[in-house]
Protein chains: 4
Amino acid sequence: MRAGARVCQSRSETWGSRVPENTEKAESEPKADTRPRRRQARGERRIAQLLEAAASVFCSSGYTAASTNAIAREAGVSPGTLYQFFPNKEAIAIELGDRLMHEMRETYGEALGPVDPATPLEEAVEAAVDRFIDFNCRHPVFFALMHGPDIPGRMAEAHEALHTTLLERIQTRLASVLPDVPAADLARITEVCLGLYMAGLELVLTHEGAEREAYVRELKNVLVRYLAPLAAPPA
Amino acid sequence: MRAGARVCQSRSETWGSRVPENTEKAESEPKADTRPRRRQARGERRIAQLLEAAASVFCSSGYTAASTNAIAREAGVSPGTLYQFFPNKEAIAIELGDRLMHEMRETYGEALGPVDPATPLEEAVEAAVDRFIDFNCRHPVFFALMHGPDIPGRMAEAHEALHTTLLERIQTRLASVLPDVPAADLARITEVCLGLYMAGLELVLTHEGAEREAYVRELKNVLVRYLAPLAAPPA
Amino acid sequence: MRAGARVCQSRSETWGSRVPENTEKAESEPKADTRPRRRQARGERRIAQLLEAAASVFCSSGYTAASTNAIAREAGVSPGTLYQFFPNKEAIAIELGDRLMHEMRETYGEALGPVDPATPLEEAVEAAVDRFIDFNCRHPVFFALMHGPDIPGRMAEAHEALHTTLLERIQTRLASVLPDVPAADLARITEVCLGLYMAGLELVLTHEGAEREAYVRELKNVLVRYLAPLAAPPA
Amino acid sequence: MRAGARVCQSRSETWGSRVPENTEKAESEPKADTRPRRRQARGERRIAQLLEAAASVFCSSGYTAASTNAIAREAGVSPGTLYQFFPNKEAIAIELGDRLMHEMRETYGEALGPVDPATPLEEAVEAAVDRFIDFNCRHPVFFALMHGPDIPGRMAEAHEALHTTLLERIQTRLASVLPDVPAADLARITEVCLGLYMAGLELVLTHEGAEREAYVRELKNVLVRYLAPLAAPPA
DNA sequence: GATGAATGAGGATTCATTCAT
DNA sequence: TATGAATGAATCCTCATTCAT
């Protein structure tokens, strides 16, 4: 139940009649198998299957061009089945994004790097970029979903959700590194950092080997140099 | 031989066997313009019309989602007419990109800012960003065309053309500002700068008034801080 | 995997990743037929409907000029439905041809006439032509499909398939009637016979009543006279 | 003038305002150059150009699939120009057919072979087939035009015209070879012969070298054997 | 839950033909 | 005459989505 329901509840109201309360408990997934949720297990698998397929299709065709039929085909199920779990393409993307953020949090913890506020900026950026890149290499669909909107300002819901979540996390992290920056500026700086991250990511992903390393280096340079003056004590 | 002709001749060889004699003379543009042009005035206007319509549609739907039918409709012509001038959507985007770059060059000259090599970095960046932003506000379709590929590495031809042209121009400009950077690095730095530009542009375009100004400021900061260490004499 | 499935599986690999486990068993048709069939009854009917419609359209417009939309319309379904079963016009023609050959075999047996090698040539030809004509009158679409290519040598796949199958059958038949003809010649003679058949068929189909009978007579004459010298014992 | 006008007058009434009277004199073409018909010469050339282009396009795409735009393009003129000389595709085919028959007559005389009624059948067929094949190799468009109708009985006008003319010529020829056959039968036999010719022609055109020769041989065999019993004196 | 059939509007593109210049 | 622009219906095919089973 949970996952299937979660999918629909998280963003769309179409599937309202689902137990929304046990979401917290659902988080402790590892033991979920024990409860008498036989048929749900199947649904869970289906959803995973579909999301995997969607990730694959989004990566190979881009989000806009991806078709629900293609996703169903890739997942080896019928279109009808797909729509049993997701009301539309957008919902798939949203759930995919949710899970990505979930995994990011699971893997790297709340922050994208060492939480010790004493960590020097350079080190913090280094860690964050490395993790970010690493994460993207393992989940290339992240790029497809994050990929800026075709039209400035008009983001798909899925994109927006991811974007917002990421901003929050980055802002939290930045707040600890740039304690002296006023809130209004911090939000803007956060947006800028995310933009730089994404721009750098694209360059990194389109290169390989030594070149890729070099671009990772540049991305770190960009961020460090941009943030250093903001972090540095006026001393 | 102006643009109208350029469209058809530069991309399609369909009418290759036409007016074979004056081809040589046609190369010396001044005269060639007169003869087989007369009727093209109408076509010329249509092409402009179509490109304008395309710009509008690309802006409001994004390149991927834009349809040739929509463009024709927006231009107030039948689908067939569109195809008399452009073999497909891509060709429209390419021509649009060509004209944009043409205008950029016309308006701002070869470089995006003061050519004097003695210009301090800060000032050069300031000028370049201001022009770039200004240009984009007057031609919002530029963003739609430049907007990174849906799939990393898989760019549309049109995008690629624009991208390449811009890189060249930026690299030229950077070369004069960063004379000591080795060529291999310069190319990478150029890519990075373009990425930063585009990332900043998106943020600028999605904000207005004071916020927009603030983002412009940040973009300049990013670039200046990134480039400063590369430009600074080791002294 | 009845016909419906046959259509999709035999030509398109689109649904390849489906039911992977019972593939082995599916080969032993008896059981495979039962399970995933239920809902396909509808599809089965649709396919028959579509093929019937296609036959009708091919007959009235010719294969080349027939449009998939026209076929769908004739079948009373939407274009999308047609494409659920056939990837394109060609596939429809191919399936139609397959079924025609299937029926021909079912109805007249492997040979187009008496198999007894002692049957005199005249009698064999008589039987073969009668059956061939009869078959074509009951399935006029056969002509539309068999109708030679618009461009010599450039046959549509569907045509080619039919053609090849027919050649095989005729050659087998001829081999028993002309035991002394070398293989290389036999192939050529087979091609010629099929050509004569088709030429005669066209004439037969464009006439009626007594005239038609007369043309049937002529076709038999042509074949008998052509083949007689090849069959006659040198004695 | 002549040709241009002829084109339109012969089948369509659309272009009525042309001097139809000089058609007879126009037949004596060789001297036509002398009259003060300057501008007509241009039209003549255009027509030849267009017909040549049409022949080429018909051959490479087949009559049905050929488009007037493609013909105009191949001829290096605009679509409008094509329609200045021919009211539609059909008219082009008809004129092309007319000229083919004209040339056939010019080249081989009224009959397709020796006119001497004493010529033995075998020799007459031999000559006729050789000429027919030869003609078709030099004018491959003939096949495209003659190529049986997509739908039995529903011939295009152009096809029909060619067909009829050919039948007449063949019947004339046959009449001299088969003097004892009643008229009703002769018409049918003529149709059959043309059918055999065409069937053989297709086989010949789709093979090359020795194989082609072998098929020519077979075609002759078919015709000779078919006709021999009709020609032979019962003695 | 699962299936696959069904939809029909919309996508890109072509074509025979007409018209203004 | 000749051009090339214009048309709009028709082509094939796809897609997100719904529905009966």
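Predicted model only: the values in this text are computed from it and were never measured. Lettering of chains follows the sequences in order, A, B, ..., and the numbering in each one begins at 1.
Rounded to a whole Å, the CZ atom of C:Arg45 is 12 Å from the C1' atom of F:dT21. The CG-P distance, from C:Leu82 to E:dG8, rounds to 15 Å in whole Å. Taking atom CG on C:Leu50 and atom P on F:dC12, their separation rounds to 14 Å, with Å as the unit. Across the protein-nucleic acid pair, A:Gln49 atom CD and E:dT3 atom C1' stand 14 Å apart, rounded to whole Å. One interatomic measurement links the two molecules: CD of D:Gln84 to C1' of F:dT1, which rounds to 5 Å at whole-angstrom precision. C:Ile47 has its CD1 atom 11 Å from the C1' atom of E:dG4, to the nearest Å. Taking atom CZ of residue C:Phe86 and atom C1' of nucleotide F:dT14, one finds them 18 Å apart after rounding to whole Å. Look at CD on A:Glu44: it is 12 Å from P on E:dA2, rounded to the nearest Å.
For D:Ser61, the side-chain hydrogen bond (donor to acceptor under 3.5 Å, both in side chains) test picks out no residue, with sequence neighbours left out. Not counting sequence neighbours, the partners of B:Glu90 by the side-chain hydrogen bond (donor to acceptor under 3.5 Å, both in side chains) test are B:Tyr63. For the side chain to side chain contact (heavy atoms under 4.5 Å, CB included) test, residues two or more places apart in sequence or in another chain that qualify with C:Ser78 are C:Thr81.
In DNA chain F, the stems built from three or more successive Watson-Crick or G-U pairs (distances below 3.5 Å) are E:2-21 with F:2-21.
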Listed pairs under 3.5 Å, donor-acceptor, residues 52-60 of chain B side chains, sequence neighbours left out:
from	atom 1	to	atom 2	distance (Å)
B:Ser56	OG	B:Glu74	OE2	3.3
B:Ser60	OG	B:Ser56	O	3.1
B:Ser60	OG	B:Val57	O	3.4

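For A:Ser78 and E:dG4, the shortest distance from a side-chain N or O to OP1 or OP2 is not below 4.0 Å. Between D:Arg46 and the phosphate of F:dT1, there is no side-chain N or O to OP1/OP2 separation shorter than 4.0 Å. Note on C:Arg42: every side-chain N or O is 4.0 Å or more away from OP1 and OP2 of F:dA20.
For the C1' atom pair drawn from E:dG1 and F:dT21, the interatomic distance equals 12 Å after rounding to whole Å.
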Legend entry - Residue pair B:Tyr83, B:Thr68: steps toward the side-chain contact (heavy atoms from CB on, under 4.5 Å) verdict: CA-CA 9 Å; B:Tyr83 280 91; B:Thr68 56; 3.2 Å; yes
Inset, instruction - Start with the C-alpha gap between B:Leu50 and B:Ile92, add the side-chain angles, then the distance that decides, and say whether side-chain contact (heavy atoms from CB on, under 4.5 Å) holds. - result: CA-CA 8 Å; B:Leu50 283 164; B:Ile92 300 178; over 6 Å; no
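Atoms NZ and CG, on D:Lys89 and D:Leu82 in that order, are 11.5 Å from each other to the nearest 0.5 Å. Atoms CZ and CG, on B:Phe85 and B:Leu51 in that order, are 10.5 Å from each other to the nearest 0.5 Å.
The minimum heavy-atom distance linking C:Gly97 with C:Leu145 is given by the pair N-CD1, 3.9 Å.
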Inset, instruction - Produce a footprint string for nucleotides 11-17 of chain E: one letter per nucleotide, 5' end first; B if the base is under 4.0 Å from any protein heavy atom, S if only the sugar-phosphate is, - if neither. - result: SBBBBBB
